[in-house]
Q: 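Below is one structure. I have some questions about it.
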Amino acid sequence: MSKQVYLFGGTARSQDPRSRDKTIVGGKGANLAEMAGIGLPVPPGFTITTEECVRYLAEGGEFSDELKAEVAAALVHIETTVGKKFGDAADPLLVSVRSGARVSMPGMMDTVLNLGLNDVTVQGLATSSGDARFAWDSYRRFIQMYSDVVLGLDHHQFEDALEIAKEDSGYYADVEMQAEDWQVLVGQYNGIVEAALGHPFPQDVHEQLWGAIRAVFDSWDSDRAKVYRRLNDISGDWGTAVNVQAMVFGNMGDTSATGVAFTRDPATGEKAYYGEWLVNAQGEDVVAGIRTPQYLTKASRERAGAKPLSMEEAMPAAFGELAAVFELLEQQYRDMQDIEFTVERGHLWMLQTRSGKRTAKAALKMAVDMTHEGLIDERTAICRVDPMALDQLLHPTLDPEAARDVLGKGLPASPGAASGAIVLDADLAEKLAERGDAVILVRVETSPEDIHGMHAAKGILTARGGMTSHAAVVARGMGRPCVSGASSVSIDMASRTLKIGNRALKEGDLITLDGSTGEIMAGYVPTIEPELVGDFGVLMGWADRHRRMKVRTNAETPADCRTARQFGAEGVGLCRTEHMFFDAARIASVRQMILAEDDGNRRAALAKLLPEQRADFHAIFEVMAGLPVTVRLLDPPLHEFLPHADAEFAELSETIGIGVDTLKRRAAELHEFNPMLGHRGCRLGITFPEIYEMQARALFEAACDVAAQGGEAPVPEVMVPLVATRKELAILKALIDRTAEAVFSEKGARVAYHVGTMIELPRAALMAGEIAEVGEFFSFGTNDLTQTTLGVSRDDAARFLGPYVEQGIFPRDPFVSLDIEGVGQLVEMAVERGRATRPDIKLGICGEHGGDPASIAFCEKVGLDYVSASPYRVPIARLAAAQAALA
Ligand code: ADP
Ligand code: MG
Ligand code: MG
């Protein structure tokens, strides 16, 4: 059996790599050993391994004899180093008992300080320290903590007793309590324990120690810990370590203190010490809010205009030592450290260090600064920044200082913040926005017909729909903040009013959305603008040097293409063409085309659409000069374009000269029970070849025209959606090639182009080998592929996906992060089979997953050539692709 207890501090210098291994001794234990190893002042102690915790829990809560022997020996190490004995009546050794898992984990047992005190040793401590007040203060802290975290008594009883004691003596603060006052309180505390448990507070110090060790182990299986693990993907098999450490005392009078500090500012990343401290205090006092902590440095105190002295001013010597420790720790860990320290009678002790949490802004600044300082290299810098955190920087965010009146909450569907007047339909949103008003479009849910209103709005709020609902996907694509699925929102269209929770509102009222948290707020909340220069640009440049995959964008307007290029997109991976048809001026021609009963009528409608569509492509090709642009031919079910209301039928009849009855009959004929599996995608191209022919013609004419203007030509990639068989693609590719040749001979010029398909049906993935005989590229449409593989409609999934994720059926929403096990297998298979047929086949992904770091890592693994993400996700994808390449 390997060692289960590791010593640190004093003369202990374990060569065993397990003594620094976080998986064995936990994060806290490993860092304490490491700090002691480089000669920093760490109170001596020992760590019981996580393995021992796992064994203890498996064996039904029994301590092994080996463990008892190892702990006894380890206690001797602390005793000899400190020169005091545990339980000694004259000069007792006190210890802290702390939990420490592999990763920092709220929900685990709270720390017990001052363990080893009892009715006898407290007297010894009073004598040996020469400070009776300190001894009794420590004892009352110990009884309260131990009773709370080990014995399971309610801590309020103890807090109440202290409050009453202070009131009775006319004191305001704890520091006014004298030795005798604490002693009286200890008597009361003992009474509380005895009344609750039927026996006195444990006086045997070894019983105290083993009770605390047991409580740490047991806390691994507490409900709190289990919930936290489930929410954070932490395995239940890891177990926690136990750290037992000699106490040092920050509560020994005015030359003693305790504090927490960061080696750099965790909010801004600025290279300046940052932290808080308190004179004559212990442990959690700094964070507990009982007293207001003081600033660490003179500069920060002055900036805040605070009076109480900083540590730099009040304890210059100890502060100087601390500053030297900061430098050493950054050299050692090559990262910003979050530190806990205590000063005992002028002497500095280190109690903890770990890599500190930081904002996205600080993460960027620190990664870039540390690289310039030579502390880390470029690769490390790239891997230090969480790609998703960049989201915080790419959109305007709410001023964190501003007050918020929160009305309700929905899903954080598209990040950023926006304020505006509530508007309940898309037409009005567009009208008011043209007038210059800021509006928030509020709908039960959105559909493609709302696009113009969504574009005009500053933000979008829906009562229904999940993270990949129409509203969410489109909003992310446009970079509009969006809160979706806010079930507390109910809309009454008749009176044009709404309720959010129990607050009544009406159209025109001002609200603010935070798309990063899902919060809906009343009134206007000020925002701050993103900065894409400086550190951001530097880090992106490094990421670009290290990634293999290209990053494209999903965009269908010149404006979105321009935004994406600014964010570094290297092409368009998905240009959807259906949105172009919803424009008010065109919808009549589109409807004529669909409802036409004969070819002539249909061709007349298409002839009207051709120049419009050509202009769309022309504008996009100009913006994307020199880069590949994947254009997807018409995809959605036809019924999405149909008129609904009588007035719409009447208007259409007027415009195109077909009777209302005929139109209605034709519309009824087109009705589908399950449109998403119906007459859509390439099935449209097969049945109405004129539509795809018109689109192909528009596209090639535009490409030739842009090329003829000089400068760089775009490289169109014509993409056929929803292909299941080789034959479908073969028929449509022939049509596209024929159209291209026709255009080239008319124009007397050619442009390079490719024809390929989306892989978004399981059959297409299975038959990828055959399909690649025809298709020159594959783009994985993982939204539909997920939908069709799982048999789950993403527009209806919101209702059950939550519980599915909570119960661990899916680790994450499969529409947000690719189901690698299942859908991923199909992708991998299609990649292999496609490449076997056509070794140089171009492979990319254009589903929402193209902007998700975990999915991007998978794309790197299976060797895709590029990922395509919505414009605002392009920087995230660039960084994630670099991290995936470096992994
Ligand atoms: P957390 O992980 O919640 O920060 P810790 O185990 O680090 O819990 O300890 C909580 C508090 O107790 C910290 O403020 C720490 O500085 C203090 N503390 C822990 N061990 C000792 C010790 N040996 N001497 C003095 N203070 C200690
Ligand atoms: Mg701590
Ligand atoms: Mg699709």
Side-chain angles (χ1 to χ4, degrees), residues 8-10 22 25-33 35-36 40-48 74-75 77-79 81-82 84 86 92-117 125 129 134 137-138 141-142 144-146 148-150 209 212-213 215-216 219 224-225 228 240-252 256-262 275-278 280-291 293 322 325 337-345 347-357:
F8 58 81
K22 290 190 167 131
V25 293
K28 200 175 279 166
N31 288 338
L32 284 168
M35 283 200 290
L40 295 182
V42 173
F46 61 85
T47 306
I48 306 173
L75 256 182
H77 158 70
I78 305 183
E79 289 176 334
T81 307
V82 178
K84 297 175 193 224
F86 192 48
L93 165 72
L94 305 189
V95 295
S96 68
V97 178
R98 322 160 70 179
S99 62
R102 193 185 295 196
V103 296
S104 163
M105 220 183 93
M108 298 297 304
M109 193 200 81
D110 291 332
T111 297
V112 175
L113 301 179
N114 309 325
L115 188 140
L117 281 173
L125 183 65
S129 67
F134 150 73
D137 173 37
S138 301
R141 287 172 187 267
F142 173 54
Q144 173 173 344
M145 274 191 193
Y146 195 91
D148 175 17
V149 306
V150 179
L209 178 62
I213 293 171
V216 173
S219 73
R224 281 199 298 174
Y228 184 83
T240 177
V242 184
N243 300 290
V244 177
Q245 186 178 29
M247 282 299 300
V248 288
F249 301 99
N251 56 336
M252 275 192 162
S256 301
T258 188
V260 295
F262 294 83
E276 294 176 331
W277 74 303
L278 270 178
N280 197 7
Q282 194 176 47
E284 306 281 73
D285 291 0
V286 174
V287 282
I290 302 171
R291 286 161 60 190
L322 187 61
V325 169
Q337 294 295 295
D338 167 354
I339 288 161
E340 290 171 11
F341 66 90
T342 282
V343 178
E344 178 183 308
R345 293 187 167 154
H347 190 88
L348 176 71
W349 292 99
M350 302 307 299
L351 295 172
Q352 186 174 332
T353 190
R354 62 180 166 206
S355 285
K357 296 227 181 314

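First listed ligand is number 1; within each ligand, the first listed atom is number 1.
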Q: Looking at side-chain heavy atoms only, is the closest gap between Thr342 and Trp277 below 4.5 Å?
A: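 Not touching, per the 4.5 Å side-chain cut-off.
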
Q: Taking C-beta and beyond as the side chain, do Leu117 and Met247 meet within less than 4.5 Å on heavy atoms?
A: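 The answer is no; the side chains never approach within 4.5 Å.
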
Q: Out of Asn31, Thr47, Ile48, which one pairs with Val25 under the side chain to side chain contact (heavy atoms under 4.5 Å, CB included) rule?
A: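 Testing each of Asn31, Thr47, Ile48 against Val25, the sole residue satisfying side chain to side chain contact (heavy atoms under 4.5 Å, CB included) is Thr47.
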
Q: From the options Leu351, Val95, Thr111, select the one whose nearest heavy atom is closest to atom 8 (O) of ligand 1.
A: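 Residue with the shortest heavy-atom distance to the ligand atom: Thr111.
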
Q: Which residue and atom name correspond to the protein heavy atom nearest atom 1 (P) of ligand 1, and how close is it?
A: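 The closest one turns out to be Lys28 NZ, 3.8 Å.
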
Q: Can you see which heavy atom on Val42 is nearest to which on Ala36, and at what distance?
A: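 Reported closest heavy-atom pair: CG2-N, 3.8 Å.
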
Q: Hey, is the main chain of Val103 close enough, under 3.5 Å, to the side chain of Lys22 for a donor-acceptor pair?
A: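 The answer is no, because no donor-acceptor pair under 3.5 Å joins these two groups.
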
Q: Taking the non-hydrogen atoms of Ala246, is any one of them nearer than 4.0 angstrom to ligand 1?
A: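 Right, Ala246 reaches ligand 1.
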
Q: Backbone, side chain, both or neither: what part of Leu113 comes under 4.0 angstrom of ligand 1, heavy atoms only?
A: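 The answer is the side chain.
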
Q: So which heavy atom in the protein is nearest atom 15 (C) of ligand 1, and how far is it from that ligand atom?
A: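 That would be Glu340 OE1, 3.3 Å.
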
Q: Sorted by chain and residue number, which protein N/O/S atoms are under 2.8 Å from the Mg ion (ligand 2)?
A: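 Listed by chain and number, the nearby protein N, O or S atoms are Glu340 OE1, Glu340 OE2, Gln352 OE1.
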
Q: Atom 3 (O) of ligand 1: which protein heavy atom is closest, and how many Å away?
A: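 The protein heavy atom lying closest is Glu284 OE2, 4.4 Å.
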
Q: So which bit of Gln282 gets within less than 4.0 Å of ligand 1, heavy atoms only: side chain, backbone, both or neither?
A: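 No part of Gln282 is near ligand 1 at this cut-off.
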
Q: Apply side chain to side chain donor-acceptor pair (under 3.5 Å) to residues Asp338 and Gln352 and explain how you reach the verdict.
A: CA-CA 8 Å; Asp338 167 354; Gln352 186 174 332; over 6 Å; no

Q: Would you say the ring centroid of Phe46 lies under 6.0 angstrom from that of Phe8?
A: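 Aromatic pair excluded; centres sit 6.0 Å or further apart.
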
Q: Could you walk me through whether Asp137 and Asn251 satisfy the side chain to side chain donor-acceptor pair (under 3.5 Å) test, starting with their C-alpha distance in whole Å, then the side-chain angles of each, then the deciding distance to 0.1 Å, before giving a yes or no?
A: CA-CA 8 Å; Asp137 173 37; Asn251 56 336; 3.2 Å; yes

Q: Atom 20 (N) of ligand 1: which protein heavy atom is closest, and how many Å away?
A: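 Looking at atom 20 (N) of ligand 1, the protein heavy atom closest to it is Ser96 OG, 3.0 Å.
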
Q: Enumerate the atoms of ligand 1 whose separation from the nearest heavy atom of Arg98 is less than 4.0 angstrom.
A: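 Listed by number with element, the hits are 5 (P), 6 (O), 7 (O), 9 (O), 19 (C), 20 (N).
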
Q: For ligand 1, find out whether one of its N or O atoms is nearer than 3.5 Å to an N or O atom of Val248.
A: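 There is such a contact, yes.
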
Q: Strictly distance-based, threshold 3.5 Å: is any side-chain N or O of Glu340 a donor or acceptor partner for the main-chain N or O of Val260?
A: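 Looks like no, no N/O pair under 3.5 Å.
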
Q: Would one find an N or O of Arg354, backbone or side chain, under 3.5 Å from an N or O of ligand 1?
A: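 No, no N or O pair falls under 3.5 Å.
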
Q: Evaluate the side-chain proximity of Leu113 to Phe142: yes if any heavy-atom separation is below 4.5 Å, no if none is.
A: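 No, every pair of side-chain atoms sits at 4.5 Å or beyond.
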
Q: Is it the case that Gln282 and Thr258 place a side-chain donor and acceptor less than 3.5 Å from each other?
A: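 No, because no side-chain N or O of Gln282 sits under 3.5 Å from a partner of the opposite role on Thr258.
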
